[in-house]
Amino acid sequence: MRLPFADDNRHWLQNGRRTAPEWIGGTEAYWELPKSWFNDLVDRALVRYGKINIIQPYREQEICARACQEALGHECQCSCMGANHGAGNDGSWFEVSDTFSTRWGDRELACRLLTAR
């Protein structure tokens with residue numbers, strides 16, 4: 001977590017909890033916090049700052065089916081909306097059943113700006 005400088009940042013982040021946040025110094029300095037604090041921290045940051053940028057890793061999940069990947073015609077009723085229609089399975093798909101296959105994309109970062117109402 002990165003915050004604008006304030007003398008009370010450690011105290012504000014800890015918010016009466018037993019565990020203290022850890023300061024990771026250096027050129028890319030930031031606060032390291034337990035994942036379980038995330039929702040409460042976002043709510044409190046919105047009150048304190050009015051808005052917050054959340055940058056977090058994600059991997060996009062694609063869903064398709066073998067019937068779609070092996071299709072010969074043009075009609076597609078699959079959730080891929082035709083993106084994989086007739087393309088076959090190159091081995092990157094995990095087949096759960098004949099009607100459901102899934103695969104995960106590369107790790108990326110997602111950025112969201114939340115603003116207080």
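Keep in mind the model is a prediction, meaning the values are calculated, not measured. Residue numbers run from 1 in the order of the sequence given.
Considering only heavy atoms from C-beta on, Asp8 stays 4.5 Å or farther from Arg10 through its side chain. The shortest distance between side-chain heavy atoms of Lys51 and Leu113 falls below 4.5 Å. At a threshold of 4.5 Å between non-hydrogen side-chain atoms, the residues Met1 and Leu41 count as touching.
Rounding to the nearest 0.5 angstrom, the gap separating the CD1 atom in Ile52 from the CZ atom in Arg44 is 10.0 Å. Remark: Leu13 CG to Trp31 CH2 distance equals 6.0 Å, nearest 0.5 Å. If you take CZ on Arg2 and CD1 on Ile55, they are separated by 8.0 Å, rounding to the nearest 0.5 Å. With values rounded to the nearest 0.5 angstrom, Ser101 atom OG is found 4.5 Å from Gln69 atom CD. Here CG of Asn89 is found 9.5 Å from CG of Asn84. Values are rounded to the nearest 0.5 Å. We find the CD-CH2 distance between Gln14 and Trp37 to be 5.5 Å, quoted to the nearest 0.5 Å.
Glu95 and Arg103 are not joined by a salt bridge, as no carboxylate oxygen comes within less than 4.0 angstrom of a charged side-chain nitrogen.
Annotation: ring-ring contact (aromatic ring centres under 6.0 Å, His included) contacts of Trp104 (sequence neighbours excluded): none.
Arg48 forms a cation-pi arrangement with Trp12, by the criterion of a distance under 6.0 Å to the ring centre and an angle within 45° of the ring axis.
Within a 6.0 Å radius of CZ in Arg107, no more than 12 heavy atoms belonging to other residues, nucleotides or ligands are found. Few gaps surround CZ on Phe100; more than 12 heavy atoms of other groups in view lie less than 6.0 Å from it. Heavy-atom contacts from other residues, nucleotides or ligands closer than 6.0 Å to CG of Asp7 number 12 or fewer.
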Practice problem: Start with the C-alpha gap between Leu72 and His85, add the side-chain angles, then the distance that decides, and say whether side-chain contact (heavy atoms from CB on, under 4.5 Å) holds. | Solution: CA-CA 8 Å; Leu72 299 176; His85 196 75; over 6 Å; no

Practice problem: Show the numbers, then the answer: is there a side-chain contact (heavy atoms from CB on, under 4.5 Å) between Ile54 and Cys111? | Solution: CA-CA 6 Å; Ile54 299 174; Cys111 182; over 6 Å; no

Self-check item: Step-by-step side-chain contact (heavy atoms from CB on, under 4.5 Å) determination, Leu3 to Tyr49
Solution: CA-CA 10 Å; Leu3 298 171; Tyr49 300 107; 3.8 Å; yes

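Between Pro21 and Leu33, the closest heavy-atom pair is CB-CD2, 3.2 Å. For the residue pair Asn9 and Pro4, the shortest heavy atom distance occurs at ND2-O, 3.1 Å.
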